[in-house]
Amino acid sequence: MKLGKHFKEAGLNRSGLNRGLKQGLTLAILIFIFCVNMYPAGAADSEVSGENLTSSEGGIFDRFITYIKALFGGEEELQDPEEVSEAKAAEMQQSAASEGAVLKIATPNVIKSASFIGDSNLGVFTHLSNPPLMKMDSEGHLAGQLAESYEVSENNTCWTFYLRDDLYWSDGEPVTPEDIEFSIRYYGKETPWASWINDTLESSAVSEANNSVTFKFNKPYTRINLEFATYNILPAHVWETVENPMEYTNSGPYVGCGPYYLKLIDLNAGKLVFEKNPYWKGKVPEAETVEVHYYSNVDVATLALKNGEADTYYKYAGSYPYSGIEQLEETGDFEFLEKTDIGLIFLAPNLEKAPFSDLKFREALAYAINYEEIVRLETLGYGEVPNRGFVPPAMENFKETEKLEYDPEKARELLEEAGYSDSNGDGILEGKDGENIEIEILIRPDYARTGELLKEYFENVSLGADLRTADSDTWMTLKDNYEYDLTVTRSTPWGMLMHASWGSGYFDSRRSGQGVMHNLDDPEFLQLCDNILATTDSSELQDYAYELQDYYAENLPAIPLYWNTVLTPYNRHFEGWYTDPLYGIYNLDNFVNVRKTEA
């Protein structure tokens, strides 16, 4: 046995030596071919961009191994059993050829803090590195993302999500059902905006056998699949030791499970850097790196696009400025994606305070506003006068309610009928307390022109009006403390969909969080929200959606100012973009599908 074993080993050594020499020579040639194919692309991009860009060492090594695997196709000792296909090999070779490519995004969504959980803008951008369970397609339908499928019990309280089995964190650990369970519970416990989870989640359980996680709620909650299209999934083995995650900051890297992980948050340079997740098993993206460059000044962002320093523009729940479209068109380098927004700009009265708690007074305000003028000045042809029913037509189960109308004479009549008069003849109507009505319109700088117009409209019907401009943080504090008369704000697409949907989450007094008004405690409205949350019957949902829009039209808890279209420019040298109603172009599918075309 010993001799035989030795012989066998000796024989192997001789043949192995010859084969080793051959393979060594082959390997050297392949390294040469690989370098010729890969590095010029990266070097060229660096030169063009003027920045000192470097490729991920791990990414190059992995791609090199994959490249060799593809060329050796069929040799067991060089192949991963999961990666044997000609299509895969071709895709890898194409990706190898573009090693070092950088996709750059310009945005006005400024990152204020390197807090992965605490900075809301950062939370949007990290959908790329830490994708939610679900996603929304271009038509607004919900589909699985990290989840392959899901089931819901007949009483709509128990939801089970089955995970894809090819998901890995960027540190090599597999994504498990425990990660999902941990993430959802973590948000519910640690963040104010997800406190509803803590209040309604009764129990949870994981199944390693089914690769699934089940959440049981203490009441029907039919929008869970939608809610879970927004919560970034976290690696439990990293975050379970982090205390006070809202305050926790780290410039990176952060472990992610998407096609990219967040490598760096550079607050000084105003830049996020995402690099390829070396353990990503899905479709291989072309760009080695995705950079998000944020600018507080939109003009600077436009200049970056014109100079070729950014490939596209993204504003969460917003459009590229309509006034800048012509500048980009003149370069001949840009195409535009158009999507009807399911969000809108609206005027919110303080329903806790007279005279804004008076429906007749709100009716008069609605007739005092010149909507055509606002639409013309603010959207430059990319908007329309809204309906009293608040909900834009792009939303599912939209109901055609009455169009808002500018009629200052009718506004004056309604004010008089409601008992508001100018008894002392000073030109300003008095409230029921005998004092002049002096409306304070709270705005943020973005709404300065709209605020000026509203002031003029209200003064035109003998109401005193003044503007109070505040930064976002101050606005939030004043709004939460009900220290305003009227305020101009917007609903994001997510805002229109959250809670019982159709914008209800903005008004339900039982909810709190950034941006919501939480100012409506009418039992009729609250019951309507609960009815929606308790059913998944499509016919019932449509009926409730119509009732909700009728409620808005009759009670005017907010006055819509305009509906608009979202425009997103992209350099025509990239193709494959699409938008979804929830996050526009910033979706995972774009980053694995967008390809650079020939110049």
Side-chain angles (χ1 to χ4, degrees), residues 33-51 53-56 59-60 63 66-67 70 86-107 128 137-138 258-260 272-276 280 282-293 301-315 319-320 324-339 566-580 583-599:
I33 294 171
F34 173 77
C35 293
V36 167
N37 281 335
M38 292 183 67
Y39 274 94
D45 277 356
S46 298
E47 185 178 348
V48 169
S49 68
E51 296 183 29
L53 301 173
T54 56
S55 302
S56 159
I60 291 174
R63 194 170 311 293
T66 306
Y67 187 69
E86 290 184 6
K88 190 75 174 180
E91 187 175 71
M92 289 297 184
Q93 289 181 63
Q94 180 186 7
S95 183
S98 63
E99 182 71 49
V102 181
L103 180 64
K104 295 185 179 181
I105 302 167
T107 180
L128 174 60
D137 66 18
S138 61
Y260 295 87
L272 305 179
V273 179
F274 293 89
E275 287 206 350
K276 280 184 178 175
W280 172 252
K283 186 175 182 180
V284 179
E286 182 176 284
E288 184 66 25
T289 305
V290 173
E291 291 183 0
V292 176
H293 294 255
T302 296
L303 193 61
L305 289 164
K306 290 173 66 176
N307 291 342
E309 295 164 0
D311 305 305
T312 186
Y313 173 93
Y314 177 71
K315 179 181 181 182
S319 175
Y320 178 73
I325 292 172
E326 188 174 349
Q327 290 184 60
L328 292 188
E329 287 180 333
E330 287 173 351
T331 67
D333 292 333
F334 289 90
E335 301 279 356
F336 289 84
L337 292 168
E338 288 190 30
K339 190 79 173 178
V566 174
L567 270 74
T568 303
Y570 64 94
N571 192 300
R572 63 174 73 243
H573 295 313
F574 287 87
E575 63 181 12
W577 297 100
Y578 84 94
T579 65
D580 71 60
Y583 288 111
I585 63 161
Y586 204 85
N587 58 69
L588 188 150
D589 291 339
N590 272 334
F591 292 102
V592 298
N593 287 321
V594 167
R595 299 288 175 192
K596 198 164 188 177
T597 62
E598 294 296 327

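The analysis underlying the following values was restricted to heavy atoms, covering all of them including side chains, and did not include hydrogens, waters or symmetry mates.
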Participant: Before giving the answer on salt bridge (Lys or Arg N to Asp or Glu O under 4.0 Å), spell out for Glu575 and Arg595 the whole-Å C-alpha distance, their side-chain angles and the decisive distance to 0.1 Å.
Facilitator: CA-CA 6 Å; Glu575 63 181 12; Arg595 299 288 175 192; over 6 Å; no
Participant: For the pair Tyr320 and Tyr313, name the ring-plane relationship: parallel under 30°, tilted 30 to 60°, perpendicular over 60°.
Facilitator: perpendicular
Participant: Are any of the side-chain heavy atoms of Val592 and Val284 separated by less than 4.5 Å?
Facilitator: no
Participant: Taking atom NZ of Lys276 and atom CD of Glu286, what is their separation to the nearest 0.5 Å?
Facilitator: 8.5 Å
Participant: Taking the side chain as everything from C-beta on, heavy atoms only, tell me whether Val566 gets closer than 4.5 Å to Thr579.
Facilitator: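 The answer is no, as the side chains (C-beta and beyond) never meet within the 4.5 Å cut-off.
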Participant: Which value, rounded to the nearest 0.5 Å, describes the distance between Lys306 atom NZ and Asp333 atom CG?
Facilitator: 11.0 Å
Participant: Using side-chain heavy atoms (C-beta onward) and a distance below 4.5 Å, is Val290 in contact with Leu128?
Facilitator: yes
Participant: For the residue pair Tyr570 and Ile585, establish whether any side-chain heavy-atom pair is separated by less than 4.5 Å.
Facilitator: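 No, side chains not in contact.
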Participant: Checking Asp311 side chain against Leu103 main chain: does a donor-acceptor pair fall under 3.5 Å?
Facilitator: no
Participant: Is it true that Arg572 and Glu335 make a salt bridge, defined as a side-chain N closer than 4.0 Å to a carboxylate O?
Facilitator: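 So Arg572 pairs with Glu335 through a salt bridge.
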Participant: Has the side chain of Thr597 got a donor or acceptor atom that lies under 3.5 Å from a matching backbone atom of His573?
Facilitator: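 Yes.
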Participant: Hey, does the side chain of Asn571 reach the backbone of Phe574 with a donor-acceptor pair shorter than 3.5 angstrom?
Facilitator: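 Side chain of Asn571 to backbone of Phe574: no pair is present.
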Participant: With the side chain counted from C-beta on, respond yes when Phe336 and Leu328 share a heavy-atom pair under 4.5 Å apart, and no when they do not.
Facilitator: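 When only atoms from C-beta onward are counted, Leu328 and Phe336 do touch, with a gap below 4.5 Å.
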Participant: OG1/Thr568 to NZ/Lys315 distance, rounded to the nearest 0.5 angstrom?
Facilitator: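 Going from OG1 on Thr568 over to NZ on Lys315, the span is 11.5 Å.
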Participant: Would you say the side chain of Phe591 lies within less than 4.5 Å of the side chain of Tyr260, judging by non-hydrogen atoms?
Facilitator: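 A side-chain contact exists here, since the closest heavy-atom pair is under 4.5 Å.
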Participant: Under a 3.5 Å distance rule, please check whether Thr302 uses its side chain to pair with a backbone N or O of Gly324 as donor and acceptor.
Facilitator: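 Checking the backbone N and O of Gly324 against the side chain of Thr302, no donor-acceptor pair under 3.5 Å is found.
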Participant: Check whether Ser138 reaches the backbone of Asp580 with its side chain - one donor and one acceptor, N or O, closer than 3.5 Å.
Facilitator: no
Participant: Passes side-chain contact (heavy atoms from CB on, under 4.5 Å), Leu567 versus Leu337? Steps please.
Facilitator: CA-CA 6 Å; Leu567 270 74; Leu337 292 168; over 6 Å; no
Participant: Is Ile105 close to His293 at the side-chain level, that is, under 4.5 Å between some pair of heavy atoms?
Facilitator: no
Participant: I would like to know whether Thr289 and Val273 meet side-chain contact (heavy atoms from CB on, under 4.5 Å); could you show each step before the answer?
Facilitator: CA-CA 7 Å; Thr289 305; Val273 179; 3.7 Å; yes
Participant: With Tyr586, which of Tyr314, Tyr578, Phe274 fulfils ring-ring contact (aromatic ring centres under 6.0 Å, His included)?
Facilitator: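 Single ring-ring contact (aromatic ring centres under 6.0 Å, His included) partner of Tyr586 among Tyr314, Tyr578, Phe274: Tyr314.
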Participant: Check whether Lys104 reaches the backbone of Gly308 with its side chain - one donor and one acceptor, N or O, closer than 3.5 Å.
Facilitator: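 No, because the side chain of Lys104 does not come within donor-acceptor range (under 3.5 Å) of the backbone of Gly308.
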Participant: Run Glu288 and Val102 through side-chain contact (heavy atoms from CB on, under 4.5 Å) and show every step you take.
Facilitator: CA-CA 6 Å; Glu288 184 66 25; Val102 181; over 6 Å; no
Participant: To the nearest 0.5 angstrom, please state how far the CG atom of Leu305 sits from the CD atom of Gln327.
Facilitator: 10.0 Å
Participant: Decide yes or no for Pro259 and Leu588: does some side-chain heavy atom of the first lie under 4.5 Å from some side-chain heavy atom of the second?
Facilitator: yes
